[in-house]
Q: 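Got a structure for you, questions after.
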Amino acid sequence: MSNEINSSNFIKNIIINDLETGKHQEIITRFPPEPNGYLHVGHAKSICLNFGLGSEFKGKTNLRFDDTNPIKEDTEYVESIKEDVKWLGFEWDELHFASNYFDQMYDSALLLIKKGLAYVCDLTPEEMREYRGTLTEPGKPSPYRDRSAEENLDLIERMKKGEFKDGEKVLRAKIDMSSSNINMRDPIIYRISHAVHHNTGDAWCIYPMYDFAHPIEDAIEGITHSICTLEFEDHRPLYDWIVRECEMKCAPRQIEFARLNMTNTVMSKRKLKQLVDEAVVDGWDDPRMPTVAGLRRRGYTPEAIRKFCSEIGVSKADSTVDSQMLDFFLREDLQPKAPLAMAVLRPLKVVITNYPEGQTEMIEVENNAKDEEQGTRLVPFGREVYIEQEDFMEEPVKKYFRLFPGNEVRLKGAYFIKCNEVIKDADGHVIEIHCTYDPETKSGSGFTARKVKATIHWVDASAAVPAEFRLYDPLILDDAPENEGKHFLEQINPNSMEIIKGYIEPTAFKDAKPLDKFQFVRHGFFTVDTKYTCDDHLVFNRIVPLKSSFKL
RNA sequence: AGGGUUAUCGCCAAGCGGUAAGGCACAGGAUUUUGAUUCCUGCAUUCGAAGGUUCGAAUCCUUCUAGCCCUGCCA
């Protein structure tokens, strides 16, 4: 996936400089997710950034699982992450697990102890908090801060052997309890956790903390540019301290950028997990989820997501990208690809009274107006068709130029029809309309004597295939002021999914497979769902509606 | 004695002392067998504010203001 990041950004400039000054001959980046959930579109930004930089500068990019906290991690997540990265179109040079470096990390911890730069601390979490100080007051040294290297070596060994319970002891780096940067106030670098790890099983009962593990992971892999999000800016001094004091051969450079925020989108792994755990959604791949798996099932394409990530840019300014931008790149990508087909979501029966009963003819329709190579197909047409309810108005409003009594419109690919009669049920609802057609107006015949101001889509009533259409709205209405302060589960839009039973023309879908994309005239872009699909009853997810639908 | 960081159009975002790119959104107009698409056109005398340096400042200096992050044995 080369040159999709074309625009300039500050990280690129740093890399160019590092290459030009000879600091590096080759750059190596990495994407380091913790396997504690599925990837979402925010991760896609990081993936595109890291892999994009790697390929643009002909360097390397690793996929590394930052699995240092066994209680939150699972192999289900590592598998899904691998799949999603591949689906997005990227290939990693090396695949690693932080947990495979546990031995080296432990050795580094021993080194720190020997250098007098780490100590075992017996403070309870509450005491620890107290000793840490506050944002405006310095911390005070732990009473265990001056234990001898010998004693610390003995204690860490016994911690490793499992002689202590969870939380009883920790290993801390000895840095500066009065630092204005709280991360430097003797941060914990190892904690005890008697938990089974998805990769190392029960081999370990002490696990390194992120601040200690991450720089070591990067350094071991020779990462030149360690790209992370803004909230780690305060951690950089600690990152550099660890690399230096652990005497790593390679000194990766941490660079922070602003994480992706998008309007109407929940971009928090924790909240997304909650939606799954509390069964608010169908699973991580629910089409309403902003997860990569959800977007895929909804019908988004890797190309559109990549283009989006490259166009939104990379900076350090907190920002919220308008989700309309993603929609735009989706339409742009799908427009020439997805064949145009006819589907009627809310059917209204039209009887063409002067069309011979029992007669059927095949109408030739182009598959994609933008791409002639996609050819044409034959669609059955007969005396009774379904049109969209909104394409008929008994009493037309101003500027309405679709069907109404006395008006003539074209049925796409077929004939002009004129509405003569409106049939209603006992309650006065329109249930059927009667029209006449003009045989001379057949599509392609060159008829020019009269013009119509509208063309509407239709499906043949006897040949139409029932189908289900799922329309989606954002799960969360984060723009609504009345939602402010509410627990996020109470902000869930109860109408985030609308299920509509309608009809599709039979022809275009004979060989439809899950994830095939279609453009339904006037309704937008749809994909065949990966579930709930059987031979004669397809379920379509609406990926994105047309830019602006018919506003009256 | 808190520290870090950000601020360019409604939303993203280039710009790095030589006189404000681009995209999204929006608004007009043209074409259209779907009011979509496509196609033109318009859209920051101004860069958070105020001073200063300079022939020249979004870019340099000073002060101020606002937002975001940091007090997990999470990452």
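In the text below, chain A, chain B and the rest are named by the order of the sequence lines, each starting its count at 1. Excluded from the calculations below are hydrogen atoms, water molecules and symmetry mates; all remaining heavy atoms, backbone and side chain alike, are included.
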Q: Calculate the interatomic distance between A:Ile175 atom CD1 and B:G3 atom C1'; express it in whole Å.
A: 15 Å
Q: Could you list the residues that satisfy salt bridge (charged side-chain N to carboxylate O under 4.0 Å, His left out) with A:Arg236, not counting sequence neighbours?
A: A:Glu256
Q: Of the candidate nucleotides B:A13, B:G2, B:A75, which contains the atom at the shortest distance from the side chain of A:Ser319?
A: B:A13
Q: Specify the separation, in whole Å, of atom CG of A:Asn9 and atom C1' of B:G15.
A: 13 Å
Q: What's the base orientation of B:G72: syn (chi within 90° of 0) or anti?
A: syn
Q: Tell me the interatomic distance from A:Ile312, atom CD1, to B:A14, atom P, rounded to whole angstroms.
A: 11 Å
Q: Distance between the C1' atoms of B:A75 and B:C70, in whole angstroms?
A: 14 Å
Q: Regarding A:His214, tell me which of base, sugar-phosphate or nothing describes its non-hydrogen contacts under 4.0 Å with the strands shown.
A: nothing
Q: Tell me which nucleotide among B:U71, B:U5, B:C24 gets nearest to the side chain of A:Lys316.
A: B:U5
Q: Rounded to whole Å, how long is the line connecting atom CZ of A:Arg191 with atom P of B:C73?
A: 10 Å
Q: Within less than 4.0 Å of OP1 or OP2 of B:G72, is there a side-chain N or O belonging to A:Arg132?
A: yes
Q: Which residue, A:Glu73 or A:Gly133, contacts RNA chain B at a nucleotide closer to its 5' end, judged by nearest heavy atom?
A: A:Gly133
Q: By the 4.0 Å heavy-atom rule, please label A:Gly444 as base, sugar-phosphate, or nothing.
A: base
Q: Would you say a side-chain N or O of A:Thr68 is under 4.0 Å from OP1 or OP2 of B:A75?
A: yes
Q: Report the distance from atom CD of A:Gln519 to atom C1' of B:U33, rounded to the nearest whole Å.
A: 14 Å
Q: State, without any angle test, whether A:Tyr400 and A:Glu390 hold a side-chain donor-acceptor pair at a distance under 3.5 Å.
A: no
Q: Holding to side chain to side chain donor-acceptor pair (under 3.5 Å), I want the full list of residues that pass it with A:Thr29, two or more places apart in sequence or in another chain.
A: A:Thr61
Q: Starting from C1' on B:U71, measure out to CE on A:Met177 and report it in whole angstrom.
A: 11 Å
Q: Heavy-atom contacts under 4.0 Å between residues 163-170 of chain A and RNA chain B, which residues?
A: A:Gly167, A:Val170
Q: Can a side-chain donor-acceptor contact be found between A:His198 and A:Asp74 if the only test is distance below 3.5 angstrom?
A: no
Q: Cation-pi between A:Lys307 and A:Phe329: NZ/CZ under 6.0 Å from ring centre and within 45° of the ring axis?
A: no
Q: Using a cut-off of under 3.5 Å, enumerate the N/O to N/O pairs linking the protein to nucleotides 65-67 of chain B.
A:
none

Q: Do the side-chain N or O atoms of A:Ser180 get closer than 4.0 angstrom to the phosphate oxygens (OP1, OP2) of B:G4?
A: no
Q: Kindly say if A:Arg331 contacts the phosphate of B:U37, meaning a side-chain N or O under 4.0 Å from OP1 or OP2.
A: no
Q: Of A:Phe329 and A:Glu137, whose nearest nucleotide on RNA chain B comes first from the 5' end?
A: A:Glu137
Q: Name the nucleic acid region contacted by A:Thr320, choosing base, sugar-phosphate or nothing; use a 4.0 angstrom heavy-atom cut-off, strictly under.
A: sugar-phosphate
Q: For A:Ser315, answer base if it contacts any base atom (sugar-phosphate contacts may also be present), sugar-phosphate if it contacts only those atoms, and nothing otherwise; contact means non-hydrogen atoms under 4.0 Å.
A: sugar-phosphate
Q: Under 4.0 Å, heavy atoms only, any strand: does A:Phe232 hit a base, just the sugar-phosphate, or nothing?
A: base
Q: So, does the side chain of A:Asp234 form a donor-acceptor pair with the base of B:G3 at under 3.5 Å?
A: yes
Q: Residues two or more places apart in sequence or in another chain: which of them pass side chain to side chain contact (heavy atoms under 4.5 Å, CB included) with A:Asp473?
A: A:Asn493
Q: Looking across every strand, which nucleic acid part, if any, lies under 4.0 Å from A:Ala317 by heavy atom: base, sugar-phosphate, or nothing?
A: sugar-phosphate
Q: Partners of A:Phe212 by ring pair (Phe, Tyr, Trp, His ring centres under 6.0 Å), sequence neighbours excluded?
A: A:Tyr190
Q: Is the A:Phe518 ring parallel, tilted or perpendicular to the A:Phe520 ring (thresholds 30°, 60°)?
A: parallel
Q: According to side chain to side chain donor-acceptor pair (under 3.5 Å), who are the partners of A:Thr301, at least two apart in sequence or on a separate chain?
A: A:Asp333
Q: What's the closest nucleotide to the side chain of A:Val321 if the choices are B:G15, B:C12, B:G72?
A: B:C12
Q: Among B:C73, B:A75, B:U71, find the nucleotide with the atom closest to the side chain of A:Ile182.
A: B:U71
Q: Within the 4.0 Å heavy-atom criterion, would you say A:Lys269 contacts the bases, only the backbone, or no part of the nucleic acid?
A: nothing
Q: Taking the C1' atom in each of B:U59 and B:U19, what is the distance between them to the nearest angstrom?
A: 12 Å
Q: Round to a whole Å and report the spacing from CZ of A:Arg236 to C1' of B:C69.
A: 13 Å
Q: Under the salt bridge (charged side-chain N to carboxylate O under 4.0 Å, His left out) rule, collect the residues that match up with A:Arg172, sequence neighbours excluded.
A: none
Q: Look through every strand shown and name the nucleotide pairing with B:C39 as Watson-Crick or G-U wobble, where both distances are under 3.5 Å.
A: B:G29
Q: How would you label the contact of A:Val314 with the nucleic acid (heavy atoms, under 4.0 Å): base, sugar-phosphate, or nothing?
A: sugar-phosphate
Q: Checking A:Lys442 against A:Phe447: charged group under 6.0 Å from the ring centre and within 45 degrees of the axis?
A: no
Q: Name all residues meeting the side chain to side chain contact (heavy atoms under 4.5 Å, CB included) criterion together with A:Pro33; count only those two or more places apart in sequence or in a different chain, and write none if there are none.
A: A:Phe31, A:Leu39, A:Leu63, A:Phe65, A:Ile81
Q: So, taking the atom named CD1 in A:Ile192 and the one named NZ in A:Lys160, what distance separates them when rounded to the nearest 0.5 Å?
A: 13.5 Å
Q: Taking the minimum atom-to-atom distance to the side chain of A:Lys547, which one of B:U37, B:U33, B:G35 wins?
A: B:U37
Q: Paired with B:G2 by Watson-Crick or G-U wobble geometry, both distances under 3.5 Å: which nucleotide is it?
A: B:C70
Q: Given side chains that start at C-beta, do those of A:Asp460 and A:Glu505 come closer than 4.5 Å, heavy atoms only?
A: no
Q: Given atom CZ of A:Phe257 and atom P of B:C68, what is their separation to the nearest angstrom?
A: 20 Å
Q: Scan A:Lys412 against the nucleic acid and name what it touches under 4.0 Å (heavy atoms): base, sugar-phosphate only, or nothing.
A: base
Q: Could you check whether A:Met128 gets within reach of a base, just the sugar-phosphate, or nothing at all, counting any heavy atom under 4.0 Å?
A: base
Q: Identify whether any heavy atom of A:Leu123 sits under 4.0 Å from a base atom; if not, whether one sits that close to sugar-phosphate; answer base, sugar-phosphate or nothing.
A: base
Q: Go through the structure and list residues passing side chain to side chain donor-acceptor pair (under 3.5 Å) with A:Arg410, not counting sequence neighbours.
A: none
Q: Under the side chain to side chain donor-acceptor pair (under 3.5 Å) test, which residues partner A:Glu440, sequence neighbours left out?
A: none
Q: What is the base-pairing partner of B:G56, counting Watson-Crick and G-U wobble geometry with both distances under 3.5 Å?
A: none
Q: Indicate, with a heavy-atom threshold strictly under 4.0 Å, whether A:Leu230 touches base, sugar-phosphate, or nothing.
A: nothing
Q: Got a list of protein N/O to nucleotides 38-42 of chain B N/O distances below 3.5 Å?
A:
none

Q: May I ask you to verify if any side-chain N or O of A:Ser8 is less than 4.0 angstrom from the OP1 or OP2 atom of B:A14?
A: no
